[in-house]
Each structure stands twice: as C-alpha cells, then as structure tokens.
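Before any comments, here is the structure.
Just so it is clear, the structure is predicted and the values come from calculations on it, not from any experiment. Any value given below was found using the heavy atoms of this structure, including those in side chains, with hydrogens, waters and symmetry copies removed. Letters go in sequence order (proteins before strands), and every chain restarts at 1.
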Amino acid sequence: MNPLKNLSVIRKLVQLTTFVFFIYGGFLGSYYLADKVSGALPALHCAYNMDGADLCTLVPFQHQMDHRLGPIIAQGGNLLMGLMPTLITLGTFLLFFVFLNKAFCGWICPVGTFQELLHILGQKLGLRRTGSLDEETVRRTRPVKWAILGLLVFGFPLLTGLGWLNHDMGDPFCRICPSRILSTLAAGDTSQLYVDTATTTTLFWSLVADFLFGLMIAMALTIRLPFCRICPMLALHAVFRKLGLLRLVKNPSPRCGKCGLCAKACPMDIREIHTEMDKHNVTFEDCTLCGRCVEFCPDKDVLQLKYTVFPLFSADPQYFKVRKKAQTEWEKKTLFGNHAQGVKKSGAKPT
Amino acid sequence: MHKRGTPLALLLLCTLTGAPSWAPAQEARPGASQRPPAGGAHPMHQRGPKQFSLANSAGARATLWKPDLGRIPLAIDNGILTLKGTGVDNYHALVIEQDWGYLVESIISYHYMRGKPSGRSTTELTAARKTRLEIVPQPVPREHHQYETGERWGFQVRFDGRPMAAQTLTLETAHGTTLTGISDAEGRIDFTFPDDFPSLIRGERNRTLAAFTLSTRHLAEGTEYISHLQGEYRPNPRHWRSLGLGVAVAGIGFAAGGLLTGFGRARREESA
Ligand code: SF4
Ligand code: SF4
C-alpha cells in the first residue's frame with residue numbers, strides 16, 4: 001500500500017509534525033505567553049515547557065479558578081467579572097476546537113502521539129499487546145476523566161481560590177499531568193521530574209505524577225492510549241463535541257450487526273461505534289477522531305469522517321482490503337525479524 | 001570607585017510594599033531605606049500598588065512603559081514612587097533616569113501587572129530603546145516565572161539601541177555575591193545566578209525573593225553613563241525537589257504498569 005494513501009501514516013506524519021512544533025516551536029519566537037499560538041490549546045501541551053509553541057487550556061482554567069473566580073466569590077465581588085477570564089479562555093478554546101473537534105486528540109496532542117509511539121515500540125519489541133480492553137474495564141474507566149475534570153481542573157482550584165485549601169491545591173491537574181513531565185523532558189529539561197518534599201500536598205502530587213508517568217509508559221507499550229482514557233481534556237472535548245465541524249458519521253448497513261471490525265480497530269475501545277444503529281453523528285465522548293474505525297470498516301460509506309457536510313474520508317471495501325494487508329505486514333515486522341505476533345484475542349488489532 | 005568622588009549609584013530602588021525586593025547592600029548609598037525580603041507571596045499574584053523608595057531622587061524622572069510602549073510619567077513624592085496597575089496585563093518597564101550633567105544614570109526594572117489581556121509580546125517592550133545605555137534581559141523570565149539560582153540567563157547591553165561588544169557588566173546580589181563578565185560581539189552576556197541564599201534547608205521550600213542589580217558604565221561625548229537592570233531571583237526548587245527520587249518513583253510506576261498489564265492479560269486469557 002502506498003503509505004501516503006494510508007490514513008494512519010498520514011495521521012502519524014501530522015502527529016510528528018505537530019509534536020515537534022508544539023514542543024520546540026518556541027524557537028520560532030513564541031517564548032512569551034502573548035506569542036503562543038492560542039494560550040488555550042485543546043490538547044495537552046504543557047506551559048512548563050518554555051520552548052513550546054502553545055499551552056493547554058487546562059492551565060488557564062485552573063489558574064482562573066484559583067486566582068480569579070475563587071477570590072472574587074470569597075470577597076462577594078461581581079461574579080461575572082470573576083468569570084470573565086474563564087469565558088475568554090473558553091471562547092479561545094472553542095475558536096480552535098470548532099475547526100478540528102476531537103481530532104485535537106487523535107492528530108495534534110503530544111501525549112497522544114507519545115503513547116502511540118510507545119505502542120509501536122511495544123509492537124516492534126515483540127511484546128504481546130492487548131487488542132481491546134474488556135467491556136467492564138472500559139465502562140469503569142470512563143467516569144474517571146469526568147472526575148478529574150470536575151475535581152482537579154475546576155473543583156480543587158476553586159476551593160483553593162475560596163481559601164478552603166492550601167495554595168498547593170491550586171493547580172492539581174498540572175501537578176499530575178504527564179504532559180508536564182513529557183514536554184519538558186522532550187525539550188531537555190529535567191526540572192519537572194521530581195519528588196517535592198516542600199509540603200505533604202506537594203509530596204503527594206509529585207509522587208502521583210511520577211508514578212502515573214511511569215505507569216503510562218509501561219501500559220502504553222501494550223495497551224492503546226492508556227492515559228487518554230482518563231484525560232480531562234477528552235472530557236472537556238466531549239462537552240463541546242457537537243459544535244465541531246469535523247465529525248464521525250455512520251450510515252448503518254444491515255451487515256454492521258455481525259461485523260464489529262470498527263470497534264476492534266478503535267484505540268479507545270468504543271464499542272458503541274459498532275452497536276449504534278440510529279444516530280448519524282457517532283462522535284462519542286471518548287472518540288479522538290483518529291479515523292481508524294473508518295479505515296477498518298469494510299462496507300462502502302458506512303463510516304465517514306465528515307467536515308460539515310463534506311466527506312473527507314469514507315469507508316471503502318477496496319481501501320479496507322489493502323489497508324488490512326498493510327497492517328498485517330507491518331505487524332509481522334519486529335526488531336527481532338519477521339514473525340507473526342500476538343495481540344490477545346480481539347483479533348483485528350490495530351496499532 | 002567613581003573617579004570624581006561623587007556618591008555612587010545615585011538612585012536606588014527598594015520596595016516598600018508589594019512584591020518583596022530589596023537592593024544590594026552598599027555603603028555609599030545615602031538615603032536608601034532597606035528592608036529584608038518577605039517570603040511566601042507569589043509575585044505574579046501580587047495585586048494593588050507597589051511602592052518604592054528612591055535615594056537621591058531630586059530631579060529624577062520616572063516613566064512607566066506599558067506593554068504597548070505607551071509611556072506614563074510617574075511622580076516621585078519625597079523619594080517615594082508608587083506603581084499602580086495600568087489596567088492591562090503583562091510586563092511593564094519602570095525606567096528611572098537621573099541626569100547629573102557629567103553623569104547620566106538609569107535604573108530599569110520589569111514588573112508584571114494584571115489587567116485586561118494586553119495582546120502584546122514582551123519582546124516589543126525589551127526591544128524598545130528606553131535609555132541611551134541599557135541592559136536588556138534576553139528574555140525576561142516568562143510570565144509566572146522568575147530568575148532562579150543556578151540558572152543561566154542572557155542579557156544584552158546596548159548604547160543608542162546598538163549592541164555593545166566587550167562591555168564589562170557586574171551582577172550584584174542582595175546576598176553579597178558579585179560577578180563580572182564581558183559582553184560578546186552581539187553585546188550579549190550570560191550570568192548564572194549564584195546559589196547564595198543563606199539558611200536554605202535541604203528539602204524545605206524557600207520562596208524568598210532577593211534583589212539583584214546588573215550594572216554597566218560607558219563614557220561617551222564626555223558624559224558618563226551608568227545603567228542598572230534591577231530584578232529579583234529566588235532559590236532553585238531543586239533544593240526541595242529531588243530528580244533522583246522522581247526517576248525512582250517513575251520507575252516504580254513503570255514496574256507497576258508492567259505488572260498490571262501482564263496480570264490483566266493473564267486474567268483475560270483465563271476468562272477467555
Ligand atoms: S485524551 Fe489523549 S490525546 Fe486527547 S488531550 Fe488527553 S492525552 Fe491528549
Ligand atoms: S471511534 Fe473511530 S475515530 Fe473515534 S477514536 Fe475510535 S477509531 Fe478513532
């Protein structure tokens with residue numbers, strides 16, 4: 001298969017380009033906040049990386065809860081004034097988000113890219129990977145991202161701003177975010193990988209952060225996108241996903257019920273993509289608009305990535321055939337030579 | 001040091017309120033009031049006006065440069081200068097100049113202020129020529145950051161907007177360190193902030209700020225120019241943050257991840 005006709009290859013190239021751009025883009029002259037691309041990027045790029053081209057929207061949200069909204073509520077001030085910076089940040093976030101929707105995850109986010117690269121490494125090292133997580137694990141994991149968004153991005157910072165929690169609770173998500181460690185390490189700065197003994201709170205968050213970072217690396221070698229499943233950005237995207245111009249649509253065919261290849265191809269284990277028979281817009285809350293389900297759907301136009309009403313990429317039996325073959329070939333190749341390699345059970349396993 | 005025997009460093013800034021700051025201790029600075037730094041406050045979260053005291057301020061001019069390069073003249077009242085917010089956020093430059101005829105002295109300091117988004121880059125502010133002889137931070141620590149001990153930061157020295165090569169610069173810190181360096185062909189010089197905070201206890205956070213002054217002098221057309229860049233630096237968090245432990249904990253996380261995924265797979269195999 002011509003790699004440039006392979007959606008996954010195209011996506012990887014976009015991911016690598018945006019990874020380099022966001023991590024090292026500061027050299028192009030975006031050191032100060034005013035020079036950043038948006039200041040409210042809908043993907044986890046960390047503000048602690050001074051060389052980066054942008055920073056993720058969760059940074060200003062936490063900061064505004066802690067230093068703006070919280071204090072204004074505590075002092076009985078004008079609530080609207082307290083909310084204004086958050087509304088401006090949200091507006092900026094939406095301005096960008098509307099264009100690509102959840103594809104900020106599947107195509108832009110450095111943490112997503114890093115996990116996918118690790119997964120490729122796992123495959124090339126010949127590790128036995130898990131095809132799809134079981135339904136129960138997926139079901140139990142899904143609410144975690146909402147809890148993190150609610151508590152770590154908005155709740156604790158707001159309580160800190162109200163004066164109920166100590167200052168070190170003002171940015172708890174940043175304190176555990178793998179992007180903080182990843183983005184800075186990638187830029188050659190080790191200052192964010194630490195155990196901080198200043199207070200019990202800093203000690204706690206730094207232990208969680210480092211543990212989570214190591215955990216994510218190990219898990220990503222054999223499981224697809226382990227951190228994404230609990231990422232609060234994924235939850236934030238889910239809230240606004242109906243506004244996005246890019247979407248995943250489904251025109252179910254009678255064969256859908258038996259096939260299910262799309263669900264197996266989905267790195268986020270969204271089984272609903274297979275079982276959903278009524279909704280046209282199937283951009284589910286965990287979807288990253290990576291397009292793998294479309295690639296691995298063998299039926300003409302059943303799944304499509306559409307930009308407003310225009311199909312960008314549609315399921316196609318011809319494409320499916322060559323793509324599947326290319327995938328099998330790719331998976332045979334490991335650093336230890338060519339051999340068929342296991343992905344547990346679920347069969348159609350996609351990297 | 002000064003060849004005409006006049007008091008040196010005719011102007012001196014030290015903070016009375018607001019973000020803690022105090023100037024390097026020096027003997028020949030009459031009228032200077034000094035105050036040791038107060039700890040704790042995050043300078044970015046500082047609200048309300050800051051006050052500074054100025055020594056020998058008669059005849060001195062103070063100007064506040066906004067992020068959009070708009071200039072506001074500030075009154076110096078009995079040696080006290082009050083810096084109020086301008087309603088826009090981002091770094092502002094406080095420029096104080098004193099023309100003694102034979103000697104022109106200036107102090108520049110950068111202050112982050114809160115307000116409506118300025119939409120302007122600090123690059124514009126640093127690029128603007130504010131005084132004839134000027135030491136320019138390249139860059140100013142990004143918003144919400146600070147100079148830290150052990151870190152290397154760049155500065156450029158310019159005269160009439162042009163970089164000055166082979167110019168001697170002196171960095172003096174409130175904790176008594178003096179470093180000297182010479183600018184390169186582009187007028188650039190790097191200084192590593194000395195780890196000179198006294199009474200740091202390993203493992204304990206210290207958010208104290210201390211002042212530093214970077215100074216240079218130049219003789220042109222029979223007039224001597226002295227320029228200072230004043231700022232604040234703080235102890236490097238590495239004093240209470242351990243990289244080694246961080247790596248170890250990440251390693252434990254990695255091992256746990258390996259066990260978990262191995263175990264998870266075994267369980268799925270069983271139930272399959
Ligand atoms: S869900 Fe994954 S890809 Fe999306 S922002 Fe989070 S880490 Fe990045
Ligand atoms: S549903 Fe499709 S587009 Fe969305 S994450 Fe899964 S495979 Fe990617």
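Taking the salt bridge (Lys or Arg N to Asp or Glu O under 4.0 Å) definition, one finds that B:K130 meets it with B:E134, sequence neighbours left out. Every salt bridge (Lys or Arg N to Asp or Glu O under 4.0 Å) that A:D196 has, sequence neighbours left out, goes to B:R241.
Contact detail for B:R238 and A:Q192: the closest heavy-atom pair is NH2-N, 4.4 Å. A:L193 approaches B:A250 most closely through the heavy-atom pair CD1-CB, 4.4 Å. When all heavy atoms of B:F254 and A:A218 are compared, the pair lying nearest together is O-CB, 3.0 Å.
Taken to the nearest 0.5 Å, the CG atom of B:L260 stands 7.5 Å off from the CD1 atom of A:I223. For the atom pair CH2 (B:W240) and OG1 (A:T199), the distance works out to 11.5 Å, reported to the nearest 0.5 Å. Atom CG of B:L245 is separated from atom CG of A:D210 by 9.0 Å, given to the nearest 0.5 angstrom. To the nearest 0.5 Å, atom CG of residue B:L125 and atom OH of residue A:Y32 are 8.5 Å apart. Interatomic distance, B:R207 CZ to A:H167 NE2, rounded to the nearest 0.5 Å: 5.0 Å. Residue A:H67 holds its NE2 atom at 7.0 Å from CZ of B:R114, rounded to the nearest 0.5 Å.
Enclosure of atom CZ in B:R162 is not indicated, since only 12 or fewer non-hydrogen atoms of other residues, nucleotides or ligands lie within 6.0 angstrom. More than 12 non-hydrogen atoms from other residues, nucleotides or ligands lie less than 6.0 angstrom from CZ of B:R129.
Your options are B:P67, B:S242, B:G203, B:G257, and the one with the most heavy-atom pairs under 4.5 Å with chain A is B:S242. Among B:N90, B:V247, B:N206, B:V140, the residue with the largest count of heavy-atom pairs under 4.5 Å with chain A is B:V140.
Of the atoms belonging to A:A220, not a single heavy atom falls under 4.5 Å from chain B. Within the 4.5 angstrom heavy-atom criterion, atoms from both the backbone and the side chain of B:T123 approach chain A. For chain B, no part of A:S206 is nearby; none of its heavy atoms comes within less than 4.5 Å. In this structure, chain B has no heavy atom under 4.5 Å from any part of A:L212. For A:S191, the parts lying under 4.5 angstrom from a heavy atom of chain B are both the backbone and the side chain.
In this structure, A:I88 and B:K116 have side chains that are not in contact, with every pair of non-hydrogen atoms separated by 4.5 Å or more. The closest side-chain heavy-atom distance from B:R205 to A:D168 is below 4.5 Å.
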